Asker: 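Please see the structure below; I have some questions.
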Amino acid sequence: MEFNAPAGRNLFDDAKIVGKSTPRIDGPLKVSGTAPYAYERHDVADNQAYGYVIGSAIAKGRIRSMSLDDARRAPGVIAVVAATETDPVGTSDYNNAPLFGGREIAHYHQAIACVVAETFEQARSAAMLIRTDYERDEGAFDLEAAAPDAPLASKAHKQGDFDAAFDAAPVKIDSRFHTADESHAMMEPHATIAAWDGPKLTLWTSNQMVNWAKESMAEILGIDAENVRVDSPYVGGGFGGKLFIRADAVMAALAARAAGRPVKVTLQRPLIPNNTTHRHATIQRIRIAASHDGHISAVAHENWSGNLNGTDGENATAQTPSLYAGPNRLIANYIATLDLPEGNAMRAPGEAPGHLALEVAMDELAEALGMDPIELRVRNEPDSAVPGRPGRTFSDRNLVRCLREGAERFGWDKRSATPGAIREGRYLIGMGVAAGYRGAPTMKSAARVRLQSDGRLIVETDMTDIGTGSYTIIAQTAAETMGIPLERVSVELGDSLYPVAAGSGGQWGAASSTAGVYAACVNLRRAIGEKLGFDGDAATFEGGRIEAGEQSFAICDAGELSADGEISFGEFKKEYNVASYAGHFAEVAVDIYTGETRIRRMLAVCDAGRILNPLSARSQVIGAMVMSAGAALMEELAVDPRFGFFVNHDLAGYEVPVHADIPHQEVIFLETLDPIVSPMKAKGVGELGICGPGAAVANAIYNATGIRVREYPLTLDKYLDRLPEID
Amino acid sequence: MTAPADTRMSVQLTVNGTEHEIELDTRTTLLDTLREHLKLTGTKKGCDHGQCGACTVIVNGERINSCLSLAVQHQGDEVTTIEGLGTPDNLHPMQAAFVKHDGYQCGYCTPGQICSAVSVLEEIRKGVPSHVTDDLTGTMQASNMEMRERMSGNICRCGAYSNIAEAMAEVAEA
């Protein structure tokens, strides 16, 4: 099914199951500990051995020698795969640095060996006996130092005459922000069980994009993709960190080949931040100019980030062309070459740190104008043309409603426009707001639906559920389209033997994969019609029955039938800017004695088209708000600029929000539909939720204290000496 | 350098009501004993360093990070894991409340959260104080802050905290 025109009225507009809050169908498995994650698949292969990965102790250079004999002689050791004895593996389009690079070291904690033993304890113990001699090279590890010479990552986008408009404007701000390197820190470490059967390799792993994993594993190992099977039915969090094959899968495959039996590997937690990917730090300069009445005349957003090989930076300007009006524009992204571990996508890459800067800059502009920050945003709401993408129009956009309804709900009128004016005991109280923008892409997505003779339906697709609720929304979509109760649908995900789905990334998963299941169900309806003698497109499927003109059937009259289907997306979408929008609000209390910030309330009002399952969609949003609060207040991979690694590379040193940090959170979904996105008229929310809340928190801290800190995270050491006098 | 020979020891444990006598490498954590030897994989390994709480189990009535103790320290102990609290068809009230309130997303920290949540309500019932307890002599309340403070050793990177607090409040009030 090609989606090549805006969706008209369809069965989802009268939905009985889609769009209703539905507890997760995989919930009972998850809460009882019976959902199987990658490292736990004792049942899939006999005789599994344990692999333990060793990471490089230098950031750049090469290995002179490794002494492996002691490890090989250690009790229980079956095999040692080491960089000095093994050819480097290939790279795929999905990796910037080789996942196992031979003697050449591209970054700290890059995998250099894997010890395989009968038990985990033996493998770990033997790994400690390996001694590696390195030749260490100097590297570039300091973004601030490298930024001035960094080249443009792509051609700068210029509209009108920014310089002249900025110079001429009566009110303007010019601010520079730093956002930190961040770690996905998903709770399930990267893990894989690998087993060879002749030329065929099976990976039971934890991966967001099953087909990418299959293809890149083939490239990396130089084998035929048809000989690779990837199975990833449960993923213990990813956030972009499991978009790609990582060293656990590569080392497990190499180790299993060396050991001649299945090997299971998990990356030990302290290896993860440096061995795998992270969100790149950014430096951002934002200049905005406006007339006295608040109309923006000029906006410049310049962004610097760094990465290995000087490619693939953090595009923090991503939202700026679309968010606010303004005729004169400059957008530029610079990319420095750094020898830190590989930067790559983390939840809303680009937009998440972009909002931390742009939405604080807007708060500064509002103050410079003496305007309410919501009114400033409303005043600069673009018309249907996308201000920074000439020729494109917005699909469905309701940002102003998000802000207005949020203001009402949050009690924005109680906010003091004057910073530092509200005090409750030892706490300074402040409110902040930010807009949220996140693109809503779709990807082609396929599924198979198999009707059983008892009227049950099995959906098979290589789509993943990384906590996003895919199992449930897919079951809802299939039940709705086939007109059967939800309980009669079972969903099988994550196996590369199934049709290729969109996978989980870029908040495209929900909108795309459900549309793919819908396409398969439409084909099944036609197949049932052919078998029973009616037009499947014209029939009504409802309550387990089929009404086709004068004819009436039970769905199980069709017997066993299977249909594949795929949704693909036509060119017409390219004329549109399809995105999701939010108004984010936060209230904080800053301790006037210690500077400690506590978040007291958070609200997100979201505009994302049809919400397929409000219960799990809300969880996506609150979870993203938590992660954004982390970015604002505490998350930072601290760079050691001498040796080029992230120092706080575990969950004790890399601080993420915990229960005590997060209050009750509210989410409101506007009832909107976007006919441009897909037949579902639904857009993703999982990344929308991380675009803006951190800026709202930062703005609330300013409102509470009158102190503007532009270097994230906003830890108290950065403003303690500027807190107001205690009376 | 050469590796010392492995040392093995027999350990007797009661897990979810079932007695086990297991011959183990003495370096084996309680967590790996459960996951790798007894194949009770509901208890999760998130960090193996006592930093995340995913491995929380209940030992002799108190919650612990099972990655931070060796199995041989638990001779004769009674261990309750997530599998011992309830099954998919017969959920413990806390498990059911997590489903109802969507107190999870990816599900990986969930068994630890639930084992902690059950224990936290028990700690409050017994009057065990915490960092945020104002009145150490009065009747302890399962307030939002009291529960959140006590749950803070269990990280949820998906950020389901607000929903977990609601699930716990429902069970506390039942």
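Everything numeric here is computed off the predicted structure, so don't read it as measured data. Lettering follows sequence order; numbering is per chain, from 1.
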Asker: Do A:Lys264 and B:Glu36 sit within salt-bridge range, that is, some charged N less than 4.0 Å from a carboxylate O?
Answerer: yes
Asker: If the contact rule is any heavy atom under 4.5 Å from chain B, which residues of residues 40-51 of chain A qualify, in numerical order?
Answerer: A:Glu40, A:His42, A:Tyr50
Asker: If contact means a heavy atom pair closer than 4.5 Å, which residues of residues 626-634 of chain A contact chain B?
Answerer: A:Val626, A:Met627
Asker: Any sub-3.5 Å donor-acceptor pair from A:Glu188's side-chain atoms to B:Tyr108's backbone N or O?
Answerer: no
Asker: Could you name the residues of residues 6-21 of chain B that have a heavy atom within less than 4.5 Å of a heavy atom in chain A?
Answerer: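 Answer by number: B:Asp6.
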Asker: Check whether B:Leu40 gets within reach of chain A through its side chain, its backbone, both or neither, counting any heavy atom under 4.5 Å.
Answerer: neither
Asker: Using non-hydrogen atoms and a limit below 4.5 Å, what part of residues 119-129 of chain B faces chain A?
Answerer: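 Counting heavy atoms that sit under 4.5 Å from chain A, no residue of residues 119-129 of chain B is involved.
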Asker: Using a cut-off of 6.0 Å, state whether more than 12 heavy atoms not belonging to B:Glu62 lie near its atom CD.
Answerer: no
Asker: Looking at chain A, which one of B:Met147, B:Glu149, B:Lys44 has the largest number of heavy-atom pairs inside 4.5 Å, strictly under?
Answerer: B:Lys44
Asker: Could you check B:Asp102 against A:Arg24 for salt bridge (Lys or Arg N to Asp or Glu O under 4.0 Å), going step by step and ending with a plain yes or no?
Answerer: CA-CA 8 Å; B:Asp102 215 43; A:Arg24 291 168 200 254; 2.7 Å; yes
Asker: Check whether A:Tyr37 forms a cation-pi arrangement with B:Lys45 (NZ or CZ under 6.0 Å from the six-membered ring centre, at most 45° off the ring normal).
Answerer: no
Asker: Hey, is the main chain of A:Ala660 close enough, under 3.5 Å, to the side chain of B:Ser152 for a donor-acceptor pair?
Answerer: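 Side chain of B:Ser152 to backbone of A:Ala660, a donor-acceptor pair under 3.5 Å: yes, one is there.
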Asker: For a side chain to side chain donor-acceptor pair (under 3.5 Å) with A:His659, tell me which candidate from B:Arg148, B:Arg150, B:Gln113 qualifies.
Answerer: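 Single side chain to side chain donor-acceptor pair (under 3.5 Å) partner of A:His659 among B:Arg148, B:Arg150, B:Gln113: B:Gln113.
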Asker: Counting distance only, does the side-chain N/O of B:Arg157 pair as donor-acceptor with the main-chain N or O of A:Gly237 below 3.5 Å?
Answerer: no
